[in-house]
Amino acid sequence: MLIELEGLSKIYEVGTQEVRALSDINMTVAENEYLAIMGPSGSGKSTLMNIIGCLDTPTEGSYRLKGQEVGSLDDDELAEIRSTEIGFVFQTFNLLPRMTAFQNVELPLIYGRAARKVRTDRVWETIDAVGLKDRAHHRPSELSGGQRQRVALARALINQPSILLADEPTGNLDSTTGEEIMQIFRQLNQAGNTIILVTHEQYIAEHARRIVRLLDGRISSDTVS
Amino acid sequence: MEFRETLLSSFRTLRSHKMRSALTMLGIVIGSGALVAVMSMIAGLNQSVSAQFQSIGTDIISVSKYPWIQMGDSEDFRNRKDITLADAEAVGRLPSVGLMAPNIHTRRNIAYGGETVRYTLVTGSTAEYETIDNYLVDSGRFITNLDDDRHRASVVLGADVAEELFHLRDPLGHDIKVGGKRFTVVGVMEAKGDIFGESLDDLVIIPITTFQKAFGRRRSVVIDCSPADGVSMQRTMEEIRQLLRIRRQVPRNDPDDFAINTQSDLVSGYNALTGVLYMAMVGIVGLALLVGGIGVMNVMLVSVAERTREIGVRKAIGARRRDITLQFLVESVILTGLGGGLGILGGSAIAFLVKAATPLPAAVTPTAVILAASFALVTGLTFGVYPATRAGRLNPMEALRYE
Ligand SMILES: Nc1ncnc2c1ncn2[C@@H]1O[C@H](COP(=O)(O)OP(=O)(O)OP(=O)(O)O)[C@@H](O)[C@H]1O
Ligand SMILES: [Mg+2]
C-alpha cells in the first residue's frame with residue numbers, strides 16, 4: 001500500500017485554544033489511484049494534504065508512506081521524501097517570481113542533486129510535456145494563469161514522484177483552463193501516476209475515480225465510482 | 001543545492017533590491033575602506049621614515065638643547081642654557097667618545113652672480129661631520145681641520161644649491177655669498193634625495209669657527225658623536241651625561257637640561273605614533289564593521305521575513321534546512337564581500353590621492369587588501385548566521401501559509 005493513515009489527528013494550538021483540524025482519520029491509498037478530497041471550507045482538506053505531502057506531521061496516529069512511518073522522521077529526512085516521493089501543485093501556483101519557467105522547473109532537480117547535463121535534458125522534456133516549450137524563458141509574471149499552473153505541474157513532476165498532490169489546482173483558473181489542466185491530470189493518471197487533489201467543484205472531483213469527503217476534520221464519506 | 005545555483009540565486013535577489021543592498025553595504029564599505037587607507041598611509045610612513053632612520057645610523061649620539069621628540073612644555077626647553085662649543089670639545093675629549101662633530105645651523109640667502117637661493121640651511125661644523133652625518137663628496141673636498149683652524153671662508157655645497165646657482169658649470173673655486181659674506185666653494189656633495197618631500201640637498205656646510213665669526217656665537221651647538229671602538233652606546237651616553245651635568249651645573253636631583261638623542265628614540269617615538277594610528281584605525285574599522293554587520297543582519301532578517309513563502313515553496317519541492325541556510329548565508333557574504341570590494345577600491349583611491357597630493361608615499365599593501373576582504377567576509381558570515389539559520393528552521397507548512 002502506498003499510503004496508510006491510521007487514527008490520524010492534527011491539533012493546532014492557537015494561544016490557549018486547541019483547534020482539531022483532523023480527527024481519527026483512517027484511510028489507505030493504493031498506487032495509481034486518482035482521489036479527490038472534498039468538503040466545506042475549514043474541514044481539514046489542506047491539513048490532510050500537507051501531512052500526506054510531509055510538509056507537516058500528525059499530532060496523533062500513524063502515517064506510513066510505502067511502509068515507512070513518517071511521524072518519526074526528522075526535518076532532513078522529510079525534505080528527502082518531499083524531494084523524491086512528492087510533487088506539489090498549489091492553488092496559487094507558488095512559482096518563484098524572479099526565476100524563469102525553466103529555472104522554476106529545474107529547482108527540484110537541483111535540490112535533488114542531479115547533474116547539470118541530466119537537469120537540462122529533463123527540464124526540456126518535462127516542459128515539453130506540459131506544452132510550454134516556447135515559454136520556457138519567461139518569468140511567471142509574463143505567463144497566463146493556465147501557463148503558470150502548467151509550469152507548476154512540470155515542477156511537481158520533474159522528480160518523477162510517487163504521488164502528485166494538488167490543493168485546488170483549478171481554484172484560480174477559469175473553467176476552460178481548469179479543464180485543460182484536468183486533461184493533463186487524467187493523462188498522468190493513465191500513465192501510472194498516483195494523484196490526490198482537493199477541490200470544491202463537483203465536476204472537477206468527478207475526474208477522480210474515488211471521492212473522500214471531510215466534515216469537521218473527519219471522513220464523512222469515501223466513495224469509489 | 002549546487003553552489004553555483006546558490007550564488008546565482010543570491011545575485012538575483014540582491015539585484016532586485018539594489019537600494020537596500022547598497023545602504024546595507026555602506027558600513028562595510030567604510031570599515032574596509034578605512035582599513036586599507038590607514039594601513040596604506042602607515043606603510044608609506046614606514047617607508048619614508050626607515051629611509052630617514054638609515055640616514056642617521058644606529059651608533060650616532062646627538063646631544064642637543066631640544067630632544068628630537070618633544071613631549072610637554074616647549075617653554076621649558078627654550079629656557080635651557082645653550083650648549084657651547086667648549087662643551088662639545090670636552091665631550092670630544094672623553095675616552096669613550098670616538099668621532100665628534102659639533103654643528104650649528106642657521107638659514108641664509110646664498111647668492112652667485114645673478115642667482116639667489118633663499119633661506120637655505122647653513123651648517124657650521126668640522127671635518128668629522130662628513131663621516132658622522134654620512135655626507136659624500138661628489139667633486140672637490142669636504143671642509144678640513146685646516147679650514148677650521150684658520151677660520152677660512154670655505155664652503156661645501158649641497159647638490160641642490162650647486163645646481164641652482166651654477167646649473168651645469170663647475171662651482172669649484174668660485175666665490176659665492178652666504179648671508180652676504182664671501183665664501184669660496186671647495187666642494188660639492190652627492191645628492192641624498194628627499195624625505196617627507198623635503199630635500200636633504202638644499203644646504204651648504206662651512207667651518208664652525210668661520211660660522212661663529214660670520215653669524216655670531218649665540219647659538220646652541222649640537223654635538224654629534226659616536227662611541228669609541230669597543231665601548232657601548234650606553235656607557236658613552238652615560239659618560240656624556242655625567243660630564244655635561246657637571247659642566248652645566250645641574251643640581252643633583254634635577255633632570256637633565258639637555259637631550260641625548262639616538263636613532264632608537266626616533267624609532268620608539270615613531271612606534272608610539274603609528275601605535276596611536278593603528279588604535280584609531282582599529283576603532284573606526286571595528287565600529288564600522290559592527291554597524292555594517294548589524295545592518296546586514298537586519299536586512300537579512302527582513303529578507304527572510306519577506307521571503308517566508310518562497311522558503312516554504314523551496315522546502316515543499318525538496319530543499320533541506322542547509323540548502324536554505326546556505327542560500328541566505330551566501331547572500332549575506334556576497335553583500336559584505338561586495339561592500340568590502342568597494343571599500344578596498346575606495347581606500348586605495350584615498351591612498352593614491354594622498355600619494356599624489358602629499359609627500360607621504362602611501363602604498364596599498366597586499367596585507368591591507370587581504371585583511372579588509374577577510375574582515376568583510378567574516379562580518380557577512382558572523383551576522384548572516386542567525387538570519388540564515390532562522391530561515392533554514394522555518395516550518396515548511398507554516399511558511400507556505402504565511403501571507
Ligand atoms: N497553522 C494553523 N494554525 C492554527 N489553525 C490552523 C492552522 N492550519 C489550519 N488550521 C485550522 O484547521 C482547520 C482546517 O484548516 P484547513 O486549511 O485544512 O481547511 P481546508 O479544508 O483546506 O479549508 P479551505 O477549503 O478553506 O482551504 C481550520 O479550522 C483552520 O483554521
Ligand atoms: Mg485549503
Side-chain angles (χ1 to χ4, degrees), chain A residues 10 12 21 46-58 74-100 103-116 119 139-140 152 154-159 161 165 167, chain B residues 1-21 299 302-331 334-335 388-403:
Chain A
K10 180 74 193 181
Y12 290 110
S46 294
T47 306
L48 183 58
M49 287 291 266
N50 288 340
I51 289 176
I52 292 174
C54 293
L55 287 172
D56 208 356
T57 46
D74 69 20
D75 256 24
D76 279 351
E77 289 166 326
L78 289 174
E80 181 72 23
I81 293 185
R82 291 196 294 271
S83 174
T84 55
E85 308 288 354
I86 312 284
F88 264 108
V89 176
F90 303 92
Q91 178 177 356
T92 53
F93 322 129
N94 276 338
L95 298 174
L96 300 189
R98 284 185 296 271
M99 295 185 169
T100 63
Q103 288 164 336
N104 267 285
V105 175
E106 189 185 22
L107 207 49
L109 284 175
I110 294 171
Y111 287 129
R113 284 159 179 73
R116 180 153 352 133
R119 284 192 334 237
R139 294 188 181 197
R155 185 178 67 182
L157 293 170
I158 189 91
N159 270 333
L165 298 176
D167 195 344
Chain B
M1 179 150 70
E2 233 180 64
F3 194 69
R4 202 183 85 99
E5 310 304 327
T6 312
L7 219 60
L8 289 176
S9 147
S10 300
F11 270 117
R12 260 198 300 268
T13 320
L14 295 179
R15 219 173 38 212
S16 67
H17 296 286
K18 285 190 198 76
M19 193 62 192
R20 193 165 81 186
S21 309
V299 159
V302 170
S303 174
V304 171
E306 278 177 357
R307 287 152 71 198
T308 301
R309 216 179 152 78
E310 174 190 325
I311 294 167
V313 173
R314 285 176 184 270
K315 287 202 153 187
I317 60 176
R320 293 178 293 183
R321 268 187 187 189
R322 78 185 86 129
D323 295 321
I324 304 292
T325 302
L326 186 69
Q327 185 191 337
F328 281 90
L329 211 50
V330 166
E331 250 172 58
I334 287 179
L335 205 57
T389 317
R390 206 156 113 157
R393 292 224 177 110
L394 283 177
N395 173 299
M397 194 267 316
E398 276 166 21
L400 272 172
R401 289 174 63 98
Y402 185 87
E403 297 293 334

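Labels below follow one simple rule: chain letters A, B, ... track the order of the sequence lines, proteins then strands, and each chain is numbered from 1. Note that these values count all heavy atoms, side chains included, but never hydrogens, waters or copies made by symmetry.
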J.: Nearest heavy-atom pair of B:A319 and A:A79: which atoms, and what distance?
T.: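 In terms of heavy atoms, the two residues are closest at O-CB, 3.6 Å.
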J.: Using heavy-atom distances under 4.5 Å, tell me whether A:Y12 contacts chain B through its side chain, its backbone, both, or neither.
T.: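 Side chain of A:Y12 only, per the 4.5 Å heavy-atom cut-off to chain B.
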J.: Using 0.5 Å steps for rounding, measure from the CD atom of B:E398 to the CG atom of A:D56.
T.: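 B:E398 atom CD to A:D56 atom CG measures 7.5 Å (nearest 0.5 Å).
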J.: What residue, out of B:G318, B:P396, B:A399, has the most heavy-atom pairs lying under 4.5 Å from chain A?
T.: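 The option with the most such pairs is B:G318.
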J.: Under 4.5 Å from any heavy atom of chain A, what part of B:R309 do you find: side chain, backbone, both or neither?
T.: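 The answer is the side chain of B:R309.
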J.: Taking all heavy atoms of B:K315 and all of A:R82, pick out the closest pair and write down the distance.
T.: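 In terms of heavy atoms, the two residues are closest at O-NE, 2.7 Å.
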J.: Please state whether the side chain, the backbone, both or neither of A:N50 comes within less than 4.5 Å of a heavy atom of chain B.
T.: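 Side chain of A:N50 only, per the 4.5 Å heavy-atom cut-off to chain B.
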J.: Give the minimum heavy-atom separation between A:F90 and B:A316, together with the two atoms involved.
T.: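 That would be CZ-CB, 4.0 Å.
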J.: Answer yes or no: is there a side-chain heavy-atom contact under 4.5 Å between A:L96 and B:R307?
T.: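 No, too far: nothing below the 4.5 Å cut-off.
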J.: Where does A:T47 contact chain B at under 4.5 Å (heavy atoms): side chain, backbone, both or neither?
T.: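 A:T47 has no heavy atom closer than 4.5 Å to chain B.
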J.: Could you check A:R113 against B:D323 for side-chain contact (heavy atoms from CB on, under 4.5 Å), going step by step and ending with a plain yes or no?
T.: CA-CA 11 Å; A:R113 284 159 179 73; B:D323 295 321; 3.1 Å; yes
J.: Passes salt bridge (charged side-chain N to carboxylate O under 4.0 Å, His left out), A:D74 versus B:R321? Steps please.
T.: CA-CA 11 Å; A:D74 69 20; B:R321 268 187 187 189; over 6 Å; no
J.: If you tally heavy-atom pairs under 4.5 Å against chain A, which of B:L400, B:N395, B:I317 wins?
T.: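 Top option by heavy-atom pairs under 4.5 Å: B:I317.
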